[in-house]
Structures are given as C-alpha cells and as structure tokens.
Number of protein chains: 2
Amino acid sequence: MPTINDVAKAAGVSPSTVSYVLSGRRPISAETRARVQAAIAELGFHPHAGARALASSKTNVIALVAPLRVDVNVPVIMQFATAVVTAARSYNHDVLLLTKDEGTAGLERVAHSTMVDALILMDLERDDLRIPALRKLKQPSVLIGLPADHTGIACVDLDFGAAARTALSHLAGHGHRRIGLVGPSPAVYRRQTTYADRFLAGFLEASADLGLRTVTHPCEPGAEGVRSCMADLDAELDGLTALVVHNEEALRPLLDLLRATGRRVPEDISIVAICPRDVAISMPVNLTSIDIPAHDVGTLAVETAMRLLEGRRVEYTRLLEPSLVERDSCREISTSHR
Amino acid sequence: MPTINDVAKAAGVSPSTVSYVLSGRRPISAETRARVQAAIAELGFHPHAGARALASSKTNVIALVAPLRVDVNVPVIMQFATAVVTAARSYNHDVLLLTKDEGTAGLERVAHSTMVDALILMDLERDDLRIPALRKLKQPSVLIGLPADHTGIACVDLDFGAAARTALSHLAGHGHRRIGLVGPSPAVYRRQTTYADRFLAGFLEASADLGLRTVTHPCEPGAEGVRSCMADLDAELDGLTALVVHNEEALRPLLDLLRATGRRVPEDISIVAICPRDVAISMPVNLTSIDIPAHDVGTLAVETAMRLLEGRRVEYTRLLEPSLVERDSCREISTSHR
DNA sequence: TTGAAAGCGTTACCAG
DNA sequence: CTGGTAACGCTTTCAA
C-alpha cells in the first residue's frame, strides 16, 4: 500500500502538499494539484483511516445503536438504519453498528476508544440509563426518541402526541364519537418506550378536548392478542365505530379478526393506523394512516449530528409534524348513526 | 483523555509494559501487572483505536455489507445482522455497516483505507461483480451465499438445494404426488440471487428423482401476486395437493387466498414453507417449515472470518444442513386420493 | 503557493 | 521479566 510519502515523491512535492490537495484546506496551484492527483491515481493511494484519526482526532465514523431484537418493529428499525447509513455516507461518514444489548458499556467503549465522532441512538426509554452516560462523553449524541430528561442532548422524532390528536380529529371530523385505541404491546409500555407514552398522552388529551368517548388498550402480538384486545375494547365501550391502531404487528391479525366477525372496514368500523406507508398499503384494505417517517427522522438525526460536529447550533428537540393520508379505511358517519 | 504514557508514569513502568499488560503478549510479574491495572482503572484509560490500528495494522472491525432495501426479506436480514454483530462482539470486534448500494466502490473504500480487518457480504448474486474486487483486497472476506465462481473466497449458507429436496421428500413421504412451488419474486430471480437458483435446481432434481409431478412459479409480492401465481400453478397442473413456499412475503396472502377459495390447510392442500421459525408459527396455521437459520449462518460467517484472520485453515464452502420441523400444515394423503 | 518537521498514541522490536 | 525507542501514516503549525 502506497503512503502519502510515496505520492509526494512521485509528484515531486512534500507530503503536506499532498495532504492539502486531499483536504482542500489551503490553496494549491492548478499545476501541482494535477501532478499530485495523477500520482494518487497512478499509485492507487488511499489514506489510512487510523493514521488520519490519530493525527486529526476525527474518525469520520458515527455509531448507530439499534435495538437488534427480532421481536418488534423490525421493518421500521431497518428503515431508520438505512436512512442513517445513507445520510451518513452523503456526509462522507461511515456507520458503526452497535446493539442496544451492550448498553452503557458499549457506548463508552466506542466513545472512549475514539472509534466514532458522534452517536445516534434509537429505542430510548422514558428514564433511559444511557443518558447520563452520554452526557459524560466527549462526542455528541442524537436521540431518535424523546426521553424524560434530555437536557443538553439533541432529540429527533415524529411528534407522536400530535399524531394521536391528528388521528382523533380526523375521525371526529367524520362523525365518529366512540373510538378505541389499539396500543402497542404491554412489553412496549413496560419498557416505557417514549413513543408509546407520548402517543397515549396525546390520545387522552385530544379525546377530552374533542368530547369523545374513548377506550384504550395495549395489544399483545398475534391473533390471540388482537382478539383479547378487541374484546376488552368492546366490553368497555359499546358502539365503537372507529379504531386508532398504534401497533404495526396487530394490523394484519386485526383485519382478519374484523372480517371473521363480520365487521366490515370501513362500512362498520373505521380505522386510522400509525405505521409506515408501505405497511398501510400492503393490507387487504388500504389503510388511512399517519406515516412513521423513518427516513426523514433518520436523515435528520444524521444532519443534526453533523451540525453538532461542525460546532453549529442545533434545535435540541425536533419533533416532526405528523401527516395523515386518507385511504380506504375511514368512513363518514351519517347523523342518524351518531 | 489519558494516554498510555500517563498510565506508564502513574504505574512507574514503561509504556511498552503497559501495552504488554493490555495485550498479554508477554509475561508480566503479578506485581507490576497489578500496579498497571490499578493505574489504568484510576485514570480511566482507554487505548486509542486509531493509534492502535496504525501501530498494529489491525482495526478489530469487520465490515458487514447488507442489502438495505426495504422491499425483501427484512426480518431475515435483520436476523443475520444481529447474529453478525453479536458474534463479532464475542471476538472483541465491531461491525461497520455498509449498504449494498455502494457496490464495489464501498468495499474498496473501507478496505483500502484500512478501516476493517475483514468483510462479510450478504445477498450475493450468481455472477456478482463484487467478487473479483474482493479477490484483490488484502482483507479476507466471507460470503453469505454461494455465487457461481467463488474460488478462494469463503462461503457460508443454508444448503438450499438440500432444503428443496427435504421439502419434497417430506411431502412425497406423506403421499403427495402433485406439488407446486411458490417461488421468490421474479425480481429475486432476475437478480439471480443465489439461494433462489439453488433452491429451484434442488427442487427440480428431487422432483425427477422422486417421480413427482411438479410445477414452479415465481410469485410477485402482495395479494394480487399470490392470486396470479396460484392461478398459473393450478392451470399447469391440476389436482395439486401440496405447495412448497419459498417466499416469506407470500405466505400470509397465500393463506388468505386459500381460505377465501375454500381450500383448507392441511385438509385440502398441504404446505411446507421455507422461512424463519418465528414466521412459520405466526401464521393462522402453524406451518411445517424448514428454518432459515440466520443466526447460525451469521455466527458461522464471523467465526470463519476470525479463523481467516488468525491465518487458520477454513472450509471454503460451508452449507448448513436444512432441518424440517413438522407442524400443522401437512397431511397424509390416503391411497384413494393418490 | 509550498516545505519542514513536530506531533498524534500505540505496538513491537532490540537490548538487557 | 522489563525498558527504550523506532516505526506506523497522516495532519497541521510554523516558516519561508
């Protein structure tokens, strides 16, 4: 492998000049630049990442801490990861993939050993133990999520509270007055994953504001979970005309169940789902949905990290506006039915 | 951040001694070792990864090149990734995540700039353009998949040919004689993703060996794709009593379709699926299936990479035995029906 | 517009 | 069993 010295000799310049040609951090005459670039190309020179990191204290790598379980939300996580990697590359950075399993120790390991310039975390919990650890790192971090105390740490996410309000006012606008929430699995609530709480809070608030009758219930995965969740909802509030579903896994079995029990969507019951667009349109009924903008959120997380690295100011809490797309699962209720 | 020199001073030894305490590459008296370790702990010393890489020409990072599209096989890809990261950590390595989109350039970039010690690639195509590039790298690589010409490169995968044979002989053993294959999407065949070809070849071979009447068809995603695939299969061979489904995405809509058209599983039609276990048991009918052992394959890929890095011998083609688990989707056909 | 040279923090070789 | 000290390959300050 040729080094910067080899290139310098071949081009008849000093190593520093080669370095400056590469970084563009100082003006170089067109002529020497050309000579240097020719030498680089001819020798197939590639700067050594470790040497660079050592000399410049920059690795051009960011850590992505992802919940690599197989249980929940797999497609969404994948979308986040894809967005983060793609965005990072567009800033000439690479991505080191860590699992959430390693916990605080993993973060400290990569940060202290200077493997990364910044960290992006997903799947934050309400009182996430990793946050105090993050504060002590010299590298900045960006959270995808919104834990309770996030002072001094940049957070990016969909505004789940607003999403719940949007869903309810859409249904209310269609005349619905009795509405059930099919929530995430109890495990998600138990972990206090921040989006579940925020959605639920927004839901209850909007329900009160709009004067609706609502019931909410977590929903275990699988056909059985859906069955029992629906039974609970129906038991606690009869005459349900609409459901808000904040649970990707539940959608398919839920639709199956409704069909099996003779409740047509949207004729007998309307649905607003919170899920990625492609999930919404891959169901037997094209679902009216509020998108989980994983791509935008991931990209924004990287952009925020980059600004932080440049020492620029950032907004420390950035919640993306939800946007509802009307499809085929919501129906106007005539006055007589109200 | 304290350096190795700070530690050396604090412990009253030379930096090289600290280094040797850390690496264990030469005997150290219990006493000095203790002093050094105390100093390390007290100062909170963490070796600088870049400096290490520079001095030792080892990064302790492996690249994982994953197909980060959102379209196909998302859960399986996630399982591979999880297994690779977990296994890598157990060898004290980290994982740099690259997308397949970057193609050959991405591999060369991380390899030439010495960011990684080895590469693991998934989603290989029959005549994958990246393979010649891999051969030129100084770092070893391990493929998850089996492209046509893989001489000199380690490959690890499920034995898809054997999986097809296993599926067919299971069905044949249950008396089935007319069997359809619901294959991956045409896009997968078009890309010549290696597992599709190998499965199909094994299927045709076993079909001939066992004297079966079989038809095969790719299957587009979604309800419509399944409908048209089934129509084709039925048209080309009537009296189908069993299906082999090598298409995760198709499973759910397929079961929906069969139910809608009054074909009960397994009473009227038997099914063997090739898919991860958790997919098989999350369907309305618990499916008899051949597992895609993503965890084992990912772990084995990392192990192979590690052996290669140690300069040890490896088997260059390692195809894992398929294992079929009987559940509720296959039925014995009585002689009268044959 | 360019060059020289001092680091950056480790490792590993050479001595003892 | 331990120490001294060249590398390792690049960036960046200081000078010119």
Side-chain angles (χ1 to χ4, degrees), chain A residues 1-37 39-40 43-61 92 109-117 138 309, chain B residues 1-37 39-40 43-61 92 109-117 138 309:
Chain A
M1 296 259 97
T3 74
I4 201 171
N5 286 296
D6 300 328
V7 175
K9 273 171 203 150
V13 299
S14 76
S16 56
T17 297
V18 177
S19 176
Y20 286 118
V21 166
L22 251 22
S23 70
R25 292 169 99 65
R26 86 181 183 188
I28 301 279
S29 75
E31 187 201 2
T32 52
R33 185 204 318 289
R35 275 217 315 287
V36 168
Q37 279 166 341
I40 288 176
L43 298 181
F45 167 72
H46 294 267
H48 186 292
R52 259 193 165 163
L54 182 55
S56 69
S57 353
K58 280 186 205 312
T59 63
N60 274 34
V61 175
N92 194 31
R109 183 172 56 78
V110 298
H112 289 152
S113 62
T114 326
M115 298 185 76
V116 302
D117 295 336
K138 62 172 192 273
L309 288 177
Chain B
M1 297 261 96
T3 73
I4 200 171
N5 285 294
D6 300 328
V7 174
K9 274 171 202 150
V13 299
S14 77
S16 55
T17 298
V18 178
S19 177
Y20 287 117
V21 167
L22 251 22
S23 69
R25 294 169 98 64
R26 84 180 185 189
I28 301 279
S29 76
E31 187 201 2
T32 52
R33 185 206 318 288
R35 277 218 314 288
V36 168
Q37 278 166 342
I40 289 177
L43 298 180
F45 166 71
H46 294 267
H48 186 292
R52 263 196 162 161
L54 183 55
S56 69
S57 0
K58 282 188 204 318
T59 63
N60 273 36
V61 175
N92 194 31
R109 183 172 57 76
V110 298
H112 289 153
S113 61
T114 326
M115 299 185 75
V116 301
D117 295 337
K138 62 171 189 274
L309 288 177

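Residue numbering restarts at 1 for every chain, and letters A, B, ... go by the order of the sequence lines. Note: hydrogens, waters and symmetry copies are ignored here, and every other heavy atom, side chains too, is used. What you are looking at is a predicted structure, and each value in this text was computed from that prediction instead of being measured.
Think of the region where chain A sits on DNA chain D: with heavy atoms and a 4.0 Å cut, that region ends 5' and 3' at D/dG9 to D/dC14. Taking 4.0 Å as the cutoff to heavy atoms of chain A, we find the contact window on DNA chain C bounded by C/dT1 to C/dG9.
In this structure, B/Asn60 contributes its side chain and B/Asn92 its backbone to a donor-acceptor pair below 3.5 Å. Remark: side-chain polar atoms of A/Arg33 are paired, donor with acceptor, to backbone N or O of A/Ile28 under 3.5 angstrom.
Between A/Val61 and the choices A/Asp117, A/Thr114, A/Val116, the side chain to side chain contact (heavy atoms under 4.5 Å, CB included) rule is met once, by A/Val116.
Using a 4.5 Å cut-off on side-chain heavy atoms (C-beta onward), A/His46 and B/Arg109 make no contact. For the pair B/Val18 and B/Val21, the minimum side-chain heavy-atom distance is 4.5 Å or more. Annotation: side chain of B/Met1 is not in contact with side chain of B/His48 (no heavy-atom distance under 4.5 Å). Counting heavy atoms from C-beta outward, B/Val13 and B/Tyr20 have side chains that stay 4.5 Å or more apart.
Annotation: proximity of residues 21-29 of chain B to DNA chain D (heavy atom, distance under 4.0 Å) is found for B/Arg26, B/Pro27, B/Ile28, B/Ser29, numbered in ascending order.
Base contact: B/Ser16 has a heavy atom under 4.0 Å from a base atom. Nucleic acid contact class of B/Val13 (heavy atoms, under 4.0 Å, all strands): sugar-phosphate only. Here B/Ser57 lies out of heavy-atom contact (under 4.0 Å) with every strand. Counting non-hydrogen atoms under 4.0 angstrom, B/Ser56 reaches the backbone sugars and phosphates but no base.
In B/Arg25, the CZ atom is not crowded: 12 or fewer heavy atoms of neighbouring residues, nucleotides or ligands sit closer than 6.0 Å.
Rounding to the nearest 0.5 angstrom, the gap separating the CD1 atom in A/Ile4 from the NZ atom in A/Lys9 is 12.0 Å.
Summary of the strand contacts: B/Ala55 and B/Tyr20 both lie near DNA chain D, and taking for each the nucleotide with the nearest heavy atom, the more 5' one is attributed to B/Tyr20. Taking for each of B/Glu31 and A/Pro2 the nucleotide of DNA chain D with the nearest heavy atom, the 5'-most of the two is the partner of B/Glu31.
One side chain, B/Thr17 or B/Ser14, offers a donor N or O that lies under 3.5 Å from an acceptor on the other.
Scanning all heavy atoms of the two residues, the minimum distance from A/Thr3 to A/Phe45 falls at C-CE1, 3.5 Å.
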